[in-house]
Amino acid sequence: MLEIKNLSKKYGKQVIIEHLSTNFSQTGVTVIVGINGSGKTTLLNLVTNLLQPDSGQILLDGLKPGSREYKSKFFYLPSDFYLPSFMTGKEYADFVLSRYDTSNYNQLPNLLNILDMTPSQSKTIESYSFGMKKKIQIAVAIAANTDYIIADEILGGLDFDTVILVQEIFATISNKKKIIIVSHERNTIDRFPDDVRLMRKGTVDSFTGSPDELTKFIKQESVLHDKLIEIQKHFMHP
Ligand SMILES: Nc1ncnc2c1ncn2[C@@H]1O[C@H](COP(=O)(O)OP(=O)(O)OP(=O)(O)O)[C@@H](O)[C@H]1O
């Protein structure tokens with residue numbers, strides 16, 4: 001279980017996360033939604049120990065951030081990741097998988113096959129399209145076989161078929177693992193509606209309504225509501 005207790009983080013004077021306390025269960029898919037700049041990436045960077053909180057505590061299966069054991073519990077797919085362009089996809093996959101004791105090397109060929117990456121695994125990453133870079137990352141993340149996969153906007157920019165395939169893999173492996181996805185995609189909430197968290201004003205709240213109700217709720221937030229009215233005024237009656 002991922003436990004977050006009273007977590008706070010500021011950048012300068014700007015409060016990003018404020019006294020945030022929440023838990024994530026050990027299995028299943030959680031989708032975190034929230035407007036741009038609401039602190040979703042900051043939260044993931046804190047959980048993955050890339051950033052230090054100003055105060056508060058994070059525990060992953062009882063472990064504190066910083067230890068090797070903590071690091072080996074999760075695989076992080078950040079939204080803007082660096083890939084070594086000089087390596088082939090296969091070399092990169094083998095390199096990353098060698099860093100995890102949990103890695104399931106046998107799974108990699110199947111994953112590459114499902115994601116149509118078998119022919120391109122022997123090509124250098126510099127020749128990859130945006131989607132291919134994401135696909136190799138996803139295949140590696142799953143083959144690393146860690147207890148937690150934490151993914152920031154990983155499905156954005158992938159074609160429809162790939163999104164369906166990756167969602168299916170996530171749904172299947174989440175029987176035994178935890179997947180936490182930050183997403184702006186409506187279809188991610190439609191596919192994984194059971195645990196949706198809404199990030200706003202420095203905190204994270206569970207949203208228990210349907211995806212339609214979530215869209216309605218976000219639209220009713222005052223800033224968006226006012227802007228929608230402004231669009232009507234400017235573009236419908238110029
Ligand atoms: N290194 C930094 N220094 C100063 N401010 C930062 C830094 N990183 C992020 N911020 C600010 O923190 C706030 C939250 O950013 P964050 O990237 O966590 O939001 P987000 O919810 O992931 O946004 P998006 O949906 O656009 O990816 C923003 O106002 C951003 O400008």
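Order of listing sets the numbers, starting from 1, for every ligand and every atom in it. The structure displayed is predicted, hence computed values, not measured ones.
- At the top of the distance list for atom 16 (P) of ligand 1, counting protein heavy atoms only, stands Thr42 OG1, 3.7 Å.
- Of the possible donor and acceptor atoms, none in the side chain of Ser127 sits under 3.5 Å from a partner among the backbone N and O of Lys123.
- Tyr76 pairs with exactly one of Thr48, Thr146, Asn45 by the side chain to side chain donor-acceptor pair (under 3.5 Å) rule, that one being Asn45.
- The main-chain N or O of Val182 is never found under 3.5 Å from a side-chain atom of Asp152 such that the two would form a donor-acceptor pair.
- Residue Ile16 places no N or O, backbone or side chain, under 3.5 Å from any N or O of ligand 1.
- For Tyr100 and Phe75, the distance between ring centers is under 6.0 angstrom.
- Between the side chain of Lys178 and the main chain of Thr27, a donor-acceptor pair closer than 3.5 Å is present.
- Under the 6.0 Å distance and 45° angle rule, Lys9 counts as a cation-pi partner of Tyr11.
- Tracing side-chain contacts under 4.5 Å through hydrophobic residues (I, L, V, M, F, W, Y), one reaches Val96 starting from Leu111; they form part of the same cluster.
- Closest to atom 1 (N) of ligand 1 among all protein heavy atoms lies Tyr11 CE2, 3.8 Å.
- Contacts between Thr41 and ligand 1 below 4.0 angstrom, taking non-hydrogen atoms only, involve backbone and side chain alike.
- The protein heavy-atom contact nearest to atom 28 (C) of ligand 1 is Gly37 O, 3.8 Å.
- The side chain of Glu153, and not its backbone, has at least one atom closer than 4.0 Å to an atom of ligand 1 (non-hydrogen atoms only; side chain from C-beta on).
- Of all atoms in ligand 1, listed by their number and element, those nearer than 4.0 Å to a heavy atom of Lys40 are 18 (O), 19 (O), 20 (P), 21 (O), 22 (O), 23 (O), 24 (P), 25 (O).
- For atom 31 (O) of ligand 1, the closest heavy atom belonging to the protein is Gln14 OE1, 4.6 Å.
- When only non-hydrogen protein atoms are considered, atom 26 (O) of ligand 1 lies nearest to Asn36 ND2, 3.1 Å.
- Residue contact check: His184 has heavy atoms under 4.0 Å from atoms 25 (O) of ligand 1.
- The proximity of Ile35 to ligand 1, defined as any non-hydrogen pair under 4.0 Å, is limited to the backbone.
- Listed for the Asn187 side chain is no donor-acceptor partner under 3.5 Å among the backbone atoms of Asp190.
- In terms of polar-atom proximity, Gly34 is not counted as a contact of ligand 1, lacking any N or O under 3.5 Å from an N or O of the ligand.
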